[in-house]
Amino acid sequence: MSDLNESQARLARTLDGMVVVDAGPGTGKTHTIVERYLNLVSRPDVSPGDVLMLTFTNNAASEMEERIKGSMTDRGMLKESKLVQTSTFDAFCRSILMDSPETAGSFFGISERLTRGAEVVSNDTLNETWFSSFLDDFLAERGEDFGDAAIVASQYPKDILALINRLMSKGVFPLKRGWFGIDPSRDLLGDTEGVLEDLRRLNEPSAKTGVSQAWKAIHEKAPKEGFDPLPQSEGVLDETDLADAAGEDRSGLLDLIHAVYHEYIRKSIASDRLTFGLTSMLAFSLLYDDGRIRQRNSFRYVMIDEFQDTNAIQLMISMMVLSEPNLCAVGDWKQGIYGFRFVSIHNIVEFEERMVSMRRFLNEDKVRVPFGIPSVSRLSLDVNYRSSEPIVRNAFESLFIRGTEKEEIDVERLEEKVVRLKADTDGRIGDLTETRFVRCDGRDREPEAVARCVLDYVQSDREIADGDVRRPVGLGDIAVFCRTTSGCAKVLDGLTSAGIPAYLEGDADIMSTREGKLLLAWLRYVNNDRDPWGFVPIMADMGYTLVECRAARDDPSAVPASIVAARRDLYLKRRRVTEMLTTVFSLYGIDNDVSQAIITTLSTAHRGSLLTISDLIGMIEKDIASGSRYPFEGSIDRDAVKIMTMHKAKGLEFPVVIIPYMDRGIMPLRPGSGGAYLYDDRIGIRCAYSVGRFDGYSKLCRSWRTALVAASGSRDYSEERRLLFVAASRAKQYQTFICSDPSPFIEGLSGGVYEGPPAPMARTFDSSTTAAARPDLSGYRPRSPRFAVHDLMDLSTEDGMGGMSEKNHEVCGKGPEYGDAVHSAAEIIFDGNEPPEDYPELGMVRSIVERAHCAVDSRAETDCVLPIAGTDVVLRGRIDLLADFGDVVEVHDYKTDASDRFQAEYEFQLSVYGLAASLHYGKPARCFIDYVSLGRTVEFDPMTMDELRDEVLRRMNRMGLSKD
DNA sequence: GTAATGGATCTTTTT
DNA sequence: GATCCATTAC
């Protein structure tokens with residue numbers, strides 16, 4: 001084909017041998033690969049059956065397949081096009097495994113057999129649950145063999161599973177005896193010599209104080225759990241202690257991991273239960289073990305797309321299915337952003353070395369890779385057709401930016417690796433390009449700044465070069481990328497409340513929504529019609545009063561008939577899960593992105609593992625508790641702003657890109673704590689905890705050895721730079737970076753020069769694009785407006801500061817944070833524990849709590865709801881302390897105010913609590929305002945319901961909350 | 001100038 | 001619970 005540029009043509013022509021291609025963003029990679037494929041199968045001796053194309057995503061695989069088949073059909077190769085083989089790595093592994101499942105365990109010395117009916121469970125929550133109960137069983141039976149390691153492991157099942165998954169993708173497997181892998185002892189133990197050197201460096205005493213960082217790391221920064229017994233020395237650590245830490249005997253830990261890992265594989269095979277990790281591990285072992293399987297899955301040519309995202313196993317699988325040394329690996333190390341999944345860009349940057357060592361490893365005892373590694377051709381695509389020249393230049397800048405002030409970057413070495421791109425948009429873009437740096441005041445205002453930028457783009461006279469046509473910017477041209485998913489959610493919020501149509505692409509915490517919680521309640525109710533955690537939330541959501549809910553709780557026959565009838569209908573559908581779930585939502589007329597995502601997620605999980613309703617309940621509960629995120633499909637082709645994480649943005653392009661939250665701690669992101677088990681190439685597997693033995697007792701502690709080793713490493717920001725590179729290379733024409741607290745990244749790009757956010761503008765968008773028409777929720781609509789008591793309180797001060805605009809924080813003498821701290825300390829005291837910090841107020845709190853504990857029943861931090869009689873208003877609030885003394889119930893609220901100037905407001909607040917408590921317990925209430933900072937308690941008579949109603953209505957009017 | 005201290009802030013996710 | 005950075009201390 002003649003429409004290829006020089007570098008593309010070179011790739012399309014280079015058909016034989018080992019080829020690694022550096023394909024930067026926007027260089028026409030897919031197009032070129034398709035051409036290369038066509039050239040390959042046009043050879044008389046090559047059929048599509050000889051060529052395997054591997055990709056990562058289903059989308060990429062099907063796109064590739066369509067384009068190849070389309071081109072072949074155009075060239076009259078219709079018949080051959082049926083033989084085209086494009087596949088994802090996962091699907092390919094699954095096909096190998098399902099070809100001979102019954103022998104999958106033999107490599108591991110496992111006699112149980114996998115069957116063709118085995119299912120891949122992809123839901124993380126389910127996998128963690130399954131693993132936890134497996135681990136419990138395992139430790140109950142064999143835990144004693146492993147001593148302390150088992151004690152720690154029992155506390156951190158999730159972390160063990162994560163470790164096993166990492167070992168799998170590294171290609172480190174447990175054989176019946178010993179480990180399998182390219183260099184298992186190095187992979188498991190790390191570079192102990194190197195670690196020791198790092199420790200010695202860390203142990204250099206400071207010139208002034210004579211104290212070393214190593215000594216401080218364990219003597220000064222004692223964690224909450226405390227360290228196991230520390231070595232005693234002053235200022236610096238002894239050499240023997242360093243050696244002790246670096247070369248710690250980890251055989252017990254490794255024995256345990258080995259046994260758990262091996263038994264996990266056995267149990268999974270026996271249960272016909274697979275995960276993505278198990279699938280690729282078992283496929284590898286089949287290919288490794290059985291020449292006939294290699295024979296059946298043999299290709300003369302293999303092409304791999306997105307090669308920077310491959311792991312060791314995937315590369316070795318590719319080598320074993322090759323019958324000739326014809327591997328074409330296309331990728332871009334600059335876009336390798338999946339390090340946290342234990343994918344390393346080493347496959348692409350050290351391709352030759354890896355091929356040679358892997359071949360040697362695979363051929364150790366017999367020939368599995370039937371060819372030598374010829375010299376490798378390194379090609380690169382060098383023209384970017386996507387973006388304007390300034391945007392390309394800016395993107396490459398990001399590879400050289402420091403992550404912190406002090407980080408040193410080896411520019412020369414980096415420069416050697418980087419293939420610079422020429423930008424060529426054929427004059428279409430011309431000067432229709434611009435990169436802006438916006439700084440606003442406060443992180444909370446960044447979503448607003450995004451909204452203003454969007455409006456600015458849409459209403460300015462900037463134009464989009466759409467082919468040869470120029471047109472104004474539309475909402476659908478704009479994408480927003482955030483480093484974190486929580487950032488995405490905030491931006492969505494900000495755009496939506498500014499009236500700008502926007503949707504989120506990517507994962508969301510769908511189970512924590514109203515939809516998820518309603519479904520949970522219904523499932524509980526269907527599962528057990530006497531479960532108050534089922535029907536009570538359902539009733540509460542429908543607006544039934546606390547009194548009605550309580551009546552039903554005490555006597556389930558008081559559940560309203562319409563709800564009982566709905567349950568009966570659902571119960572009949574309990575074996576058809578998808579239908580049942582759909583029916584629940586249809587009760588509310590809910591049919592939106594969230595409900596769809598929930599149905600898809602639960603139906604898939606149900607199909608994969610035959611869950612009962614109570615399993616589903618448990619799963620939703622866990623998901624809510626842990627904030628699990630699931631894929632969530634917004635309607636893709638709406639004319640709306642797209643919001644996604646930077647990771648999700650890879651491979652996409654947009655005319656206009658906005659990147660907010662370029663703030664310190666976020667971009668680049670600060671690392672968090674690593675879990676109970678640390679694992680990387682340098683330090684190997686290490687456990688952050690150990691059982692410390694002291695005089696006469698032992699307890700679970702942080703391990704000083706592991707803490708020390710971890711402290712000796714240095715943070716590498718390369719992957720964050722690559723992520724910035726990915727984000728910054730998506731824009732075709734316009735790009736805006738936004739920050740409030742500029743990070744070194746945006747400082748490096750902008751040179752420290754910022755403009756303010758664009759001026760606010762108004763514009764309304766056609767509402768048909770914002771949301772579907774609201775369905776009628778008749779009968780199930782929440783029937784009352786609900787307010788927090790605080791919404792109706794006025795705690796503004798005389799001088800006009802702090803008031804309504806500040807969202808009604810209780811203004812207290814020592815600030816709202818102090819008040820919060822005292823409240824949480826009070827709750828801890830109530831539970832019979834010691835708060836971490838003491839406050840002068842706590843003495844008074846203690847005596848109040850002590851008295852409350854003498855009551856028949858007492859509660860702290862209790863939510864309450866009060867329907868206001870004669871209106872449809874429901875007030876809610878939280879009672880600090882509630883004590884039932886039999887004939888009377890007491891309501892307390894702690895105030896850290898420096899004066900009693902808000903007495904009237906508090907009397908209103910406590911009246912609500914008092915009436916709610918009085919209704920709930922069916923007895924009179926006494927109300928106490930405990931001014932704990934002033935050291936006195938004020939009791940007053942709560943208002944009657946009639947007085948309160950008038951007061952509420954008056955306040956609602958004043959604050960413009962009356963209904964309309 | 002440098003060194004100790006305190007405060008703020010916190011994950012990404014193809015199959 | 002780790003990490004960086006600004007502030008304070010000298």
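Within every chain, numbering begins at 1; the chains are lettered A, B, ... in the order of the sequence lines, protein sequences first and strands thereafter. Treat the numbers as computed from the prediction; the structure is a model and nothing was measured. Scope of the values below: all heavy atoms of this structure, side chains included, with no hydrogens, waters or symmetry mates.
When the P atom of dT3(C) is taken as reference, atom CD of E720(A) falls 14 Å away, rounded to whole Å. F92(A) places its CZ atom 18 Å from the C1' atom of dT14(B), with the value rounded to the nearest Å. The distance from atom CG of L274(A) to atom C1' of dT15(B) is 13 Å, rounded to the nearest whole Å. A straight line from CZ of F745(A) to C1' of dT12(B) spans 14 Å, rounded to a whole angstrom. Between E407(A) atom CD and dC5(C) atom P the separation is 10 Å, expressed in whole Å. To the nearest angstrom, P of dT13(B) lies 13 Å from CG of D309(A). When the P atom of dT12(B) is taken as reference, atom CD1 of I345(A) falls 21 Å away, rounded to whole Å. Computed from coordinates, the N123(A) CG to dT14(B) P distance equals 14 Å when rounded to whole Å.
Listed by chain and residue number, Y754(A) satisfy the side-chain hydrogen bond (donor to acceptor under 3.5 Å, both in side chains) test with S750(A) (two or more places apart in sequence, or in another chain). Residues satisfying the side-chain hydrogen bond (donor to acceptor under 3.5 Å, both in side chains) criterion with D680(A), sequence neighbours excluded, are absent altogether. With sequence neighbours left out, N58(A) forms a side-chain hydrogen bond (donor to acceptor under 3.5 Å, both in side chains) with no residue at all.
Here F89(A) does not count as stacked on dT15(B), because the ring centres are not under 5.5 angstrom apart with planes under 30°.
Looking at R201(A) and D198(A), a side-chain N of the basic residue comes within less than 4.0 Å of a carboxylate O on the acidic one, giving a salt bridge.
Between N58(A) and dT14(B) there is no side-chain N or O to OP1 or OP2 distance below 4.0 Å.
Which of dA6(C), dT12(B), dT15(B) sits closest to the side chain of T484(A) comes down to dT12(B). Candidate nucleotides dT12(B), dT14(B), dA6(C) were compared by shortest atom distance to the side chain of T485(A), and dT12(B) ranks first. For F56(A), whose side chain is taken as the heavy atoms from C-beta onward, the closest listed nucleotide among dT14(B), dT15(B), dC4(C) is dT14(B). Closest approach to the I666(A) side chain among dT13(B), dT15(B), dC10(B) is made by dC10(B) (side chain taken as heavy atoms from C-beta onward). In this structure, the nucleotide among dC4(C), dA6(C), dT15(B) sitting nearest to the side chain of T404(A) is dC4(C). For R483(A), counting side-chain heavy atoms from C-beta on, the closest listed nucleotide (dT12(B), dT14(B), dC5(C)) is dT12(B). You'll find that the side chain of R670(A) is closest to dT9(B), out of dT15(B), dT12(B), dT9(B).
Within 4.0 Å of T645(A), counting heavy atoms only, lie sugar-phosphate atoms of the nucleic acid but no base atom. Heavy atoms of K650(A) sit nowhere under 4.0 angstrom from any nucleic acid atom. As judged by a 4.0 angstrom heavy-atom cut-off over every strand, R443(A) is placed among residues touching the sugar-phosphate backbone only. Heavy atoms of D124(A) sit nowhere under 4.0 angstrom from any nucleic acid atom. Among the atoms of the strands shown, only primed sugar atoms or phosphate atoms (P, OP1, OP2) are found under 4.0 Å from some heavy atom of Y717(A).
Between the OH atom in Y677(A) and the CD1 atom in I160(A) there is a gap of 3.5 Å [rounded to 0.5 Å].
The salt bridge (charged side-chain N to carboxylate O under 4.0 Å, His left out) pairs that include a residue from residues 306-319 of chain A are K29(A)-E306(A), E306(A)-K650(A), D309(A)-K650(A), where partners are two or more places apart or lie in different chains. Within the structure, the side-chain hydrogen bond (donor to acceptor under 3.5 Å, both in side chains) test picks out the following pairs touching residues 89-99 of chain A (sequence neighbours left out): D90(A)-R94(A), D99(A)-R296(A).
The base of dT15(B) sits with one of its N or O atoms less than 3.5 Å from a complementary donor or acceptor on the side chain of R341(A).
Aromatic ring orientation, F284(A) versus F173(A): perpendicular (interplanar angle above 60°, classes split at 30° and 60°). Classification of the Y839(A)-Y818(A) ring pair by plane angle, with boundaries at 30° and 60°, yields perpendicular.
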Between the protein and nucleotides 2-5 of chain B, which nitrogen or oxygen pairs are less than 3.5 angstrom apart?
from: dA4(B); atom 1: OP1; to: T209(A); atom 2: OG1; distance (Å): 2.9

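Nucleotides of DNA chain B nearest to R94(A) and E719(A) differ in position, and the one nearer the 5' end is that of E719(A).
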